[in-house]
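Not measured: the values here are computed from a predicted model.
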Amino acid sequence: MTTTKPGIGFYKVPDGETTINTVKWAIEAGYRHFDCASFYKNEYSVGNALKESGIPRNSITITSKIWNDEQGYDNTLKAFERSLQRLQTDYLDYYLIHWPIKRHMQETWQALEELHQSGKVKAIGVSNFYVQHLEYLLSFAHIMPAIDQVELHPYLQQKELIAFCRQHNISVEAWSPLMRGHIKEEEVIREIARNHGKSPAQITIRWHLQKGLRVIPKSIHQERIHENMDVLNFELTQQELAKIDQLDCNRHFGTAPDKFYNL
């Protein structure tokens, strides 16, 4: 049984009290990985809540991401410093390129490599990169991306991308793993949930973990935040995993990366 824990994402979590409560409830539930981005406009509240929690900095993992208009060498270094200040920390565990923009990628990655070499970032990576985007990045990168964070769920399983990433020792992390709430409508998931006495969300998060994927579900509701972490005390059978695998239909609930690649 896997011991990997989910992280928690902060996309579209309102700044201020909602974000602060989300962090508080997440810590209570056992989350230690907090996925942020400058675009989310709530980094200061995340940083404030983490600082007030009293949890030692080396016991938590903080990710942030560079937005599209912050890319390029100089802009990336400035964006990084702004995120550090908002998050009230002197280093990040992961710093990612939020979307692949080809004309900025080489300079942006150079800045990330320098941040990593300076010790200000423990690991660098990307978000929303598909195989063709990774191939371009790897054509000039001196440091391999540690992680690729992408939309991934039972309807969009990204099998080709996962195979490519594993070949290159890149971890895959799933955003929107619960299909923006639509997972509860899928009867195959509902049936498996009934068999285990779990929710469709718990079954889906467990499916990700058993496939060796990182996963960052998002919620602002205390009960669901706790529910999404309560996935380490059961295991899906091979038959159940196979049933979920068969749901793949290449359906996006978020934006596809090629919208930004040639900007």
Any donor and acceptor pair, going by atom type alone, linking the side chain of Arg32 with main-chain N or O of Ile27 inside 3.5 Å? yes
Legend entry - Working for side chain to side chain contact (heavy atoms under 4.5 Å, CB included), residues Glu173 and Ile216: CA-CA 7 Å; Glu173 186 169 67; Ile216 44 170; 3.8 Å; yes
Q. Can you tell if the side chain of Gln85 reaches within under 4.5 Å of the side chain of Tyr44, non-hydrogen atoms only?
A. no
Looking only at heavy atoms, the pair that brings Pro6 and Tyr31 closest together is O-CD2, 3.6 Å
### Message
Please tell me whether His133 and Asn128 have a donor and an acceptor in their side chains that are separated by less than 3.5 angstrom.
### Response
no
Stepwise salt bridge (Lys or Arg N to Asp or Glu O under 4.0 Å) test for Arg57 and Asp90: CA-CA 10 Å; Arg57 175 65 183 89; Asp90 55 6; 5.6 Å; no
- Do the side chain of Thr108 and the main chain of His104 share a donor and acceptor less than 3.5 angstrom apart? yes
**Q.** Joint cluster assignment, Val150 & Leu209, ILVMFWY side-chain distance < 4.5 Å
**A.** yes
query = Just by distance, with hydrogens left out, do Asp35 and Gln149 show a side-chain donor and acceptor under 3.5 Å apart?
reply = yes
Output for pair (Ser38 OG, His98 NE2), nearest 0.5 Å, gives 8.0 Å
### Query
Taking the six-membered ring for Trp, are the ring centroids of Tyr11 and Tyr40 within less than 6.0 Å of each other?
yes
Nearest heavy-atom approach of Val46 to Val23 is CA-CG2, 4.2 Å
### Message
Set out, in order, the CA-CA distance, both residues' side-chain angles and the distance that settles side chain to side chain contact (heavy atoms under 4.5 Å, CB included) for Glu240 and His196, then state yes or no.
### Response
CA-CA 11 Å; Glu240 289 169 334; His196 285 274; 2.9 Å; yes
So CG of Leu161 and CZ of Arg166: to nearest 0.5 Å the spacing works out to 10.5 Å
Quick one, Asn75 and Gln71 - any side-chain contact, counting heavy atoms below 4.5 Å?
no
Next on the checklist: Would Arg103 pass as a cation-pi partner of Tyr261, given that its NZ or CZ must be under 6.0 Å from the six-membered ring centre and within 45 degrees of the axis?
Outcome noted: no
Output for pair (Phe39 CZ, Lys12 NZ), nearest 0.5 Å, gives 8.5 Å
For Phe10 and Lys218: C-alpha separation, side-chain torsions, deciding distance, then whether side chain to side chain contact (heavy atoms under 4.5 Å, CB included) applies. CA-CA 6 Å; Phe10 285 85; Lys218 186 208 87 175; over 6 Å; no
- Hey, does the side chain of Asp93 reach the backbone of Ile62 with a donor-acceptor pair shorter than 3.5 angstrom? yes
- Query: In terms of side-chain heavy atoms, does His153 have a donor or acceptor partner in Glu151 at a distance below 3.5 Å?
  - Reply: yes
(message) For a salt bridge (Lys or Arg N to Asp or Glu O under 4.0 Å) check, start with the C-alpha distance between Lys65 and Glu43, then their side-chain angles and the critical distance, and finish with the verdict.
(response) CA-CA 11 Å; Lys65 298 182 276 294; Glu43 286 186 318; over 6 Å; no
Exercise. Do the non-hydrogen side-chain atoms of Val188 and Ile192 ever get within less than 4.5 Å of each other?
Worked result: yes
Short side-chain to backbone donor-acceptor contact, His116 and Lys122, under 3.5 Å
yes
When rounded to the nearest 0.5 Å, the distance separating CG of Leu247 from CH2 of Trp207 is 8.5 Å
With a 4.5 Å limit on heavy-atom distance, are the side chains of Ile8 and His33 in contact?
no
key: Under 3.5 Å: donor-acceptor pair, side chain of Glu113, backbone of Ile143   = yes
query: Quick one: do Glu187 and Arg190 make a salt bridge, cutoff under 4.0 Å?
result: yes
(message) Taking the six-membered ring for Trp, are His252 and Tyr155 closer than 6.0 Å centroid to centroid?
(response) no
Correct closest heavy-atom pair for Ala26 and Phe34 would be CB-CE2, 4.1 Å
**Asked** Is Glu70 salt-bridged to Lys78, going by a charged N under 4.0 Å from an acidic O?
**Response** no
Q. Below 4.5 Å, heavy atoms only, C-beta onward: do Gln239 and Lys243 meet side chain to side chain?
A. no
> Can you tell me if Arg206 uses its side chain to pair, donor with acceptor, with the backbone of Val231 under 3.5 Å?
Replying inline: yes
With sequence neighbours left out, the residues meeting side chain to side chain contact (heavy atoms under 4.5 Å, CB included) with Ser118 are Lys120
ask   = Should Leu134 and Cys165 count as side-chain neighbours, where that means a heavy-atom distance under 4.5 Å?
value = yes
side-chain contact (heavy atoms from CB on, under 4.5 Å) with Ile101: of Asn68, Ile66, Asn262, only one passes, and it is Asn68
Rounding to 0.5 Å, atoms CD (Glu227) and CD (Gln222) come to a distance of 13.0 Å
Fill in: Side-chain donor/acceptor of Glu52 to backbone N/O of Ala49, under 3.5 Å
no
Closest heavy-atom pair, Thr76 versus Tyr95, reported as atoms and distance to 0.1 Å, is O-OH, 4.0 Å
Distance col, row Ser53:OG vs Ile20:CD1, nearest 0.5 angstrom, shows 12.0 Å
- Could Lys211 and Asp245 be called an ion pair, given the rule that one side-chain N must be under 4.0 Å from one carboxylate O? yes
Assigning hydrophobic clusters by single linkage (Ile, Leu, Val, Met, Phe, Trp, Tyr; side-chain heavy-atom cutoff under 4.5 Å), is Ile124 placed with Leu84? yes
Is there a side-chain contact between Trp175 and Leu152 in this structure, where contact means two heavy atoms from C-beta onward sitting under 4.5 Å apart? no
Heavy atoms of other groups near Lys259 NZ, more than 12 under 6.0 Å:
no
Expected output: side-chain Lys184 to main-chain Gly181 donor-acceptor under 3.5 Å: yes
Next item on the list: Indicate if Leu138 and Ile147 have the same hydrophobic cluster label, given that clusters are the connected sets of ILVMFWY residues with side-chain heavy-atom separations under 4.5 angstrom.
Entry: no
| task | Check whether any side-chain heavy atom of Phe80 lies under 4.5 Å from a side-chain heavy atom of Leu92, and answer yes or no. | result | yes
Residues Ser176 and Arg180: closest non-hydrogen pair is OG-CG, 3.2 Å
Donor-acceptor pair, Asp248 side chain versus Gln157 backbone, under 3.5 Å?
yes
- Query: When you look at Cys36 and Leu87, which way does the side chain to side chain contact (heavy atoms under 4.5 Å, CB included) test go after all the steps?
  - Reply: CA-CA 9 Å; Cys36 307; Leu87 289 163; 4.0 Å; yes
Give a yes or no on whether the backbone of Leu178 and the side-chain of Thr204 come within a donor-acceptor separation of less than 3.5 Å.
no
Same apolar cluster: Trp99 and Val172, side chain cutoff 4.5 Å: yes
Phe260, CZ: over 12 other non-hydrogen atoms inside 6.0 angstrom:
yes
Can you tell me if CD on Glu185 sees more than 12 non-hydrogen neighbours from other groups inside 6.0 Å? yes
Within one Ile-Leu-Val-Met-Phe-Trp-Tyr cluster: Val215 and Trp25, side-chain cutoff 4.5 Å: yes
Heavy atoms of Ser219 and Arg224 approach each other most closely as OG-CB, 3.4 Å
